[in-house]
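What follows is a single structure, written as structure tokens, with notes after it.
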Amino acid sequence: MPHDQPAAAPGPAPADASDHDPAEAPFLGLLATGAAAEEYERPVLRARAGGAAAARLAALERAKLLALRVRTELEDRRRREAELSALYATAHDLAGLRDLDAVLRAIVRRARSLLGTEVAYLTLNDPAAGDTYMRVTDGSVSARFQQLRLAMGEGLGGLVAQTARPYVTDSYFHDERFRHTRTIDSGVRDEGLVAILGVPLLLGSGVIGVLFAADRRERVFEPGQVALLAAHAAHAAVAIDTANLLAETRKTLTELEAANEIIRDRSSVIERASDVHDRLTELVLRGGGVQDVADAVAEVLDGDVEFTEPGRAPAAALDRSRADGHAVRDGADWVAAVRAGGEVLGALVLRGHPALDPVDQRTLERAAMVTSLLLLARRTAGEAEQRVRGELLDDLLDAAARDPRLLRERAARVGADLDAPHVVLAARMSGAPISDGDGPPRPDGTDRRRLWSAASHLAATRHGLAAVRDGGAVLLLPLEPDGEPAHTAREIAARLGTALHVPVTVGASAPVPAPAARPAAVADAYAEARRCREALCALGRAGQGAAAADFGFLGLLLADTRDVDGFVHRTLGAVADYDARRGTELLRTLGAYFACGMSPARTKDELHVHVNTVAQRLERVSRLLGPDWQTPARALEIQLALRLHQLSAAVTRETEE
């Protein structure tokens, strides 16, 4: 409405005409044009200046007052119309918002706009804490003010939240109607607020927060403005409730979608589990093998499943699976122990499948259980064969005069070739008592039964023989052309220890070229293997595997072959070969060095060379034999090898002469 446009001043009228015009006429024109309030004095002033009668002037005064009252009423109606229009627009805008933060910001921004204040803000109640806190501000500059929390009844906002009624103050710090606190007053002072109007955000009969409009100067908020902000707060409360409901609905829908997805996944998984159960049942009924089980599980789990022997499976994961009774994750793989009682028969390994849900994990565990049943069934069927293998080995050990032809025939029936080189291994569980009992383990010999079972299984997989003897187990295994008895002993110790979960000490004999041709050699080899096994225990190396060659010069005492040349070559071969290639005298220097009490000065006199020559030769020896060659144990072996080498050379010379 154009308040600053003055109404057109009426032109001078004849006195007699003005006297007869209605007193309201000039003011109607001013009302029609929306003239400013001061313009309503001009008709009275002109009439007085024109010498109008007193009655005329009084009539004009009455008309002026009536016109001003009408003007005020019209302005109030126009203002209320504008406010209602703005309130309607605000409600329309709020109804279109869905995000709670956006709704709150719009509420505060419109509140400030509707009342034309410098600051507007909104607090929300916290039912858990029992107070109300600052949620959104518009026009605020104080960080402390923006972080205020008000207990119920504290400050103007606390009073509004507690009473659910609007409160207005023209001067906050001089108003004693509400309880002032240092925290709230400091925040209000930082913001510089003076006049504050607060109205409750009502939802049903409860207050969910307070909406404020404030100025940094004293100001009187008219009842119409209080009512306007209260009406805006009513729309705001509904909008907040709607946004909360929409947010909860979206959350619920999201959760329902997730639950539906889980149900679909579970349904698929259950179908797969049922499928694998049917397949495994069919496999067992038709006599399928371990690989058939692995293939069926691999197809159902969409991965690569493999059965591995105990020594080839990841040791740490296998131990965890055995102890826990469940499949366990090992990097990107899953490992399920295949066990029977306390014995681990192997593992099912699912490769390259790091994500495995509980149902699929249970499927792998069920497959491991079926695999153990198949292995036990196969073991039961093979126990007769194992006993045959044990009886054959017992005959080799006890009856040296057996007919080689019959031995070969019996060995062929169990897949063994006794004309190939073999190695005899003596194994005993750490801490197991030594017994004189022979033959299969007694029913109460749990440890020996487990050792015999594991050794027999291992021997069968390697086309060898196994038996129980002297409180432990004895194995006769084929030796590869380039195989070493010591390496075989260490491998068997590790495999048996992994299968039984206790240390197993294994001693190995020297190779037996053809056991069927020389049965007596098997008994001698077993005696040598036992000596090696007991030597390991005496040296504190229980749980390991070794052959006579691993004990240095002690091996000469342990071995039946008394392989002197082999001992000398293992000890001094590198130095002897260097002398042969280079024409040096490192062996002679070593002999003189030890004969002179390991003194380089005396050695150079013995050899008639410079002391630097002795030092250079000894440095070369260190590179050939290793830096620890002068330690007491190595030095003793080297001196013994030197003596044996000298004796062998002397015998050779005498023979040639």
Side-chain angles (χ1 to χ4, degrees), residues 382-429 432-445 447-460 462-479 485 488-489 492 496 504-535 537 545 547-548 558-562:
E383 281 187 357
E385 178 183 331
Q386 292 175 0
R387 290 184 181 276
V388 170
R389 293 175 184 273
E391 291 171 359
L392 176 56
L393 182 53
D394 283 336
D395 286 346
L396 286 170
L397 291 171
D398 298 332
R402 291 281 184 180
D403 183 355
R405 181 180 59 81
L406 293 177
L407 292 175
R408 291 187 181 94
E409 290 178 358
R410 292 170 60 187
R413 286 196 289 268
V414 293
D417 180 10
L418 295 184
D419 287 319
H422 281 64
V423 60
V424 178
L425 302 128
R428 184 157 62 90
M429 297 168 64
I434 298 177
S435 169
D436 293 333
D438 295 335
R442 297 188 304 273
D444 59 345
D447 288 343
R448 286 191 299 160
R449 181 185 297 107
R450 292 174 59 211
L451 178 60
W452 174 73
S453 178
S456 297
H457 175 69
L458 193 58
R462 294 188 171 218
H463 305 289
L465 307 176
V468 166
R469 183 168 290 249
D470 302 323
V474 55
L475 297 91
L476 180 66
L477 300 181
L479 190 64
T488 303
I492 298 303
L496 292 176
V504 177
T505 308
V506 177
S509 70
V512 180
R518 295 181 57 245
V522 177
D524 294 339
Y526 172 58
E528 178 182 339
R530 284 189 63 193
R531 288 195 295 270
C532 289
R533 183 190 67 192
E534 299 309 319
C537 294
L558 298 173
D560 288 327
T561 57
R562 303 293 189 268

| query | So do H457 and L496 actually touch side chain to side chain, heavy atoms under 4.5 Å? | reply | no
| request: Any chance you could lay out the side chain to side chain contact (heavy atoms under 4.5 Å, CB included) test for V423 and V512, step after step, and finish with the verdict? | output: CA-CA 6 Å; V423 60; V512 180; over 6 Å; no
Closest contact, heavy atoms only, [X] versus [Y]:
X	Y	value
P515	A420	CD-O, 3.5 Å
A426	Y526	CB-CE1, 4.0 Å
G464	P478	CA-CD, 4.1 Å
L465	A416	CD2-CB, 4.4 Å
L407	P519	CD1-CG, 3.8 Å

| Residues R518 and D524 bridged, charged N to O under 4.0 Å | no
| field | D470/R428 salt bridge by N-O under 4.0 Å criterion | value | no
Would you give the length of the straight line joining atom [atom1] of [X] to atom [atom2] of [Y], rounded to the nearest 0.5 angstrom?
X	Y	atom1	atom2	result
E409	R405	CD	CZ	5.0 Å
R410	L392	CZ	CG	5.0 Å
H463	H422	NE2	NE2	10.5 Å

| task | Return yes if some donor-acceptor pair links the side-chain N/O of S509 with the main-chain N/O of V424 below 3.5 Å, else return no. | result | yes
| request: Show the numbers, then the answer: is there a side chain to side chain contact (heavy atoms under 4.5 Å, CB included) between L477 and I492? | output: CA-CA 10 Å; L477 300 181; I492 298 303; 3.8 Å; yes
| query | Checking side chain to side chain contact (heavy atoms under 4.5 Å, CB included) for the pair M429/L451: CA distance, chi angles, key distance, verdict? | reply | CA-CA 7 Å; M429 297 168 64; L451 178 60; 3.8 Å; yes
| request: Would you list the pairs meeting salt bridge (charged side-chain N to carboxylate O under 4.0 Å, His left out) in which at least one residue belongs to residues 417-427, sequence neighbours left out? | output: R408-D419
| task | Tell me, with the steps shown, if R530 and V474 meet side chain to side chain contact (heavy atoms under 4.5 Å, CB included). | result | CA-CA 9 Å; R530 284 189 63 193; V474 55; over 6 Å; no
| field | Among L397, L425, L418, side-chain contact (heavy atoms from CB on, under 4.5 Å) partner for L476 | value | L418
